[in-house]
Amino acid sequence: MTRRGAVAEPLYVNSDRPPGFVLHQQRKGLFYRSVSVVLHCDEISLVKLAERFGTPLYVYSATAIRERFGVFDDAFRKFPHTVCYSVKANSNLSILRLLARQGSGFDVVSGGELERVLAADRRSARKVVFSGVGKTREEMAAALKAGILIFNVESESELWALAECATRLRTVARLALRVNPDVAADTHPYISTGLHKHKFGVPINGARELYAKASAARYLKVAGVSVHIGSQITEVAPFAEAVMRVADLVRQLRSDGHSIEYVDTGGGLGVAYQAPQPDFAAVVARYARAVTNPLRGLNVHLLLEPGRAVIAPAGVLVTRVVYRKQNDGKRFLVVDAAMNDLIRPALYGAYHEIVPVLQLARSSAKAQEIVDVVGPVCESSDFIARDRKLPRVEQGDLFAVLDAGAYGMALASNYNTRPRPAEVLVSGKSVKIVRRREKIRDLYSAEL
């Protein structure tokens, strides 16, 4: 049930292939009679990238990143705002630099992410929002020295730790309390954050008391209110509901004498990994209306923290079929990418579309088969897809796992002593390796 006319329409972020990932015809043979279709990133064939850089390989489209960030930023053009890209979605330095050049701010949740932003573009510090439930004093001190925009404080204990750090450094710390509005979001329970049972934020009903305490500290400056209800949310109603409750709180806080300049509505806009995919600009426009309508007339600066919506469709994971296998009637495709490279299917049961990189022309499409696409890691949970209908492929063929730009490499590990993949960034006809492939000796070089 929604309040005050909250919008209840379905919402999906379009996982656009153009301009990021497109199919191009390729003709070979005598008189070019052999026609195939090859998946490209911008203007570069994924076959060529796999040959040059090996597999598994993360490939990102700079064109898609710029376009999707621009669409997001433009949707809020009539409202004072800063788009603060959520670094945890994909923290590659080259991607952070690209976004900084687009005017992006950044949402960080650790001292390490802050250091990445500073390494990418130190001038971006003034547009950094520091979130997260477990900030250490060392991380707070580093953020204060860097001159970040604002801290999203998530508990009274953290508030006093921040006050202590700010006093020691004689530096004023701007803060917002992250309030928990107790709004349910229809998403996976592991990435839902807006209910009282979750570890995030402070109860919205008790926030005024904590704001009063914060305002009494000499080196703390109450500057905003923050909310974030979860990730991969595909309806606008929860966003509208949460922001309406925040707007009520802003009015109460101002009546208490606090100067509230910022409202941080977090991120969470979902990506259509599997559902029908409408126009991205139209989707973000609906989201923008849901977020801004409750704030009109409050004269606040809006902070937004998209991650997945910007970066997920801009990346793919290219993997090669190592073996075909059959156990009785069960068919497996063993590929060289594993759960350590892309853990989302194992962790969340997440769906990613999988397509052959090299396809026959549509007029002579290959037969389909039901297969499990699995990796080499010694876990039964090591899969990319189960019981998926795919065109028949052979050993040595390439697959592209789509929409892998967010929470792919960012969650990758070295389980089974497996080196993590290389990453490349493509812009038009230009290719840049933005992370070299790890070598096995890299994995134990720090051990004694």
Side-chain angles (χ1 to χ4, degrees), residues 41 44 46-62 65 86-99 106 108-122 136 138-139 142 307 311-312 314-323 334-347 352 373-379 381-384 396 398-401 404-426 430-448:
C41 179
I44 306 296
L46 294 188
V47 173
K48 292 182 178 179
L49 291 175
E51 290 173 350
R52 179 177 174 185
F53 298 107
T55 57
L57 176 69
Y58 275 103
V59 181
Y60 308 112
S61 165
I65 295 170
S86 182
V87 174
K88 64 179 177 287
N90 188 319
S91 59
N92 186 280
L93 289 180
S94 290
I95 289 174
L96 300 185
R97 291 189 192 102
L98 186 158
L99 287 164
F106 297 96
V108 304
V109 294
S110 72
E113 287 187 354
L114 174 61
E115 283 201 32
R116 281 183 171 272
V117 171
L118 298 179
D121 183 357
R122 182 163 288 275
T136 66
E138 292 75 18
E139 289 174 326
I311 197 68
V316 301
L317 175 60
V318 182
T319 183
R320 191 176 297 276
V321 178
V322 180
Y323 299 114
V334 183
V335 298
D336 60 6
M339 64 186 293
N340 72 292
D341 304 307
L342 180 66
I343 200 173
R344 295 189 71 254
L347 184 60
H352 283 267
V373 182
V374 301
V377 161
C378 290
E379 299 280 350
S381 59
D382 179 25
F383 66 92
I384 297 175
L398 295 169
F399 274 133
V401 183
Y407 306 106
M409 192 62 177
L411 286 169
S413 75
N414 296 122
Y415 187 45
N416 281 193
T417 309
R418 285 175 51 84
R420 289 178 297 174
E423 295 176 282
V424 297
L425 181 64
V426 180
S430 172
V431 180
K432 177 185 178 183
I433 185 163
V434 295
R435 185 197 297 264
R436 67 171 177 83
R437 186 178 304 280
E438 289 177 330
K439 298 178 180 178
I440 291 177
R441 65 173 175 268
D442 295 331
L443 310 189
Y444 58 79
S445 62
E447 298 176 23
L448 302 178

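Just so you know, these numbers use all the heavy atoms, side chains as well, and skip hydrogens, waters and symmetry mates.
- Of all heavy-atom pairs between S381 and M339, the closest is OG-CE, 3.6 Å.
- With sequence neighbours excluded, the residues satisfying salt bridge (charged side-chain N to carboxylate O under 4.0 Å, His left out) with D121 are R123.
- Atoms OG and CD1, from S61 and I311 in turn, are 9.0 Å apart once rounded to the nearest 0.5 Å.
- Looking only at side-chain heavy atoms (C-beta outward), H352 and L342 come within less than 4.5 Å of each other.
- Sequence neighbours left out, the pairs with a member in residues 405-419 that pass salt bridge (Lys or Arg N to Asp or Glu O under 4.0 Å) are D341-R418.
- Atom CD of E379 has more than 12 heavy atoms from other residues, nucleotides or ligands within 6.0 Å.
- Shortest non-hydrogen contact noted between L46 and A400 is CD1-CB, 4.2 Å.
- Using modelled atom types, one side-chain atom of T319 and one backbone atom of A337 make a donor-acceptor pair closer than 3.5 Å.
- A search for side chain to side chain contact (heavy atoms under 4.5 Å, CB included) contacts involving A50 returns T55, V318, R320, L398, not counting sequence neighbours.
- To the nearest 0.5 Å, atom CZ of residue R344 and atom CD1 of residue I384 are 12.5 Å apart.
- Taking the side-chain hydrogen bond (donor to acceptor under 3.5 Å, both in side chains) definition, one finds that Y323 meets it with nothing, sequence neighbours left out.
- For S445, the side chain to side chain contact (heavy atoms under 4.5 Å, CB included) criterion is met by no residue, not counting sequence neighbours.
- A 4.5 Å side-chain heavy-atom check between I95 and V434 finds every atom pair outside the cut-off.
- A distance of 7.5 Å separates CG of L96 from CZ of R116, quoted to the nearest 0.5 Å.
- Here the straight-line distance linking atom OH of Y407 with atom OG of S86 works out to 4.5 Å at 0.5 Å rounding.
- Nearest approach of L317 to A404, heavy atoms of both residues: N-CB, 3.9 Å.
- Side-chain contact between P56 and R437: present, with at least one pair of heavy atoms (C-beta onward) separated by less than 4.5 Å.
- When all heavy atoms of A338 and P376 are compared, the closest pair comes out as CB-CD, 3.5 Å.
- Legend: residues meeting side-chain hydrogen bond (donor to acceptor under 3.5 Å, both in side chains) with R436, ordered by chain and number and at least two apart, are D442.
- Take F53 and apply the side chain to side chain contact (heavy atoms under 4.5 Å, CB included) test, not counting sequence neighbours, and it matches L49, L57, V424, V431, I433.
- When the side-chain hydrogen bond (donor to acceptor under 3.5 Å, both in side chains) test is applied to R435, the partners found at least two apart in sequence or on another chain are E423.
- Annotation: side chain to side chain contact (heavy atoms under 4.5 Å, CB included) contacts of L443 (sequence neighbours excluded): N414, T417, P419, E438.
- Here the closest heavy-atom approach between residue P421 and residue M409 is recorded as O-CE, 3.4 Å.
- Side-chain contact between L425 and I65: present, with at least one pair of heavy atoms (C-beta onward) separated by less than 4.5 Å.
- Contact of the N340 side chain with the N416 side chain is not registered, since no non-hydrogen atoms from C-beta on lie closer than 4.5 Å.
- Looking at residues two or more places apart in sequence or on another chain, you find no side-chain hydrogen bond (donor to acceptor under 3.5 Å, both in side chains) involving S110.
- Considering OH of Y58 and CG of N92, their distance stands at 12.0 Å, rounded to 0.5 Å.
- Contact of the V374 side chain with the D382 side chain is not registered, since no non-hydrogen atoms from C-beta on lie closer than 4.5 Å.
- Nearest approach of C41 to V426, heavy atoms of both residues: O-CG1, 3.4 Å.
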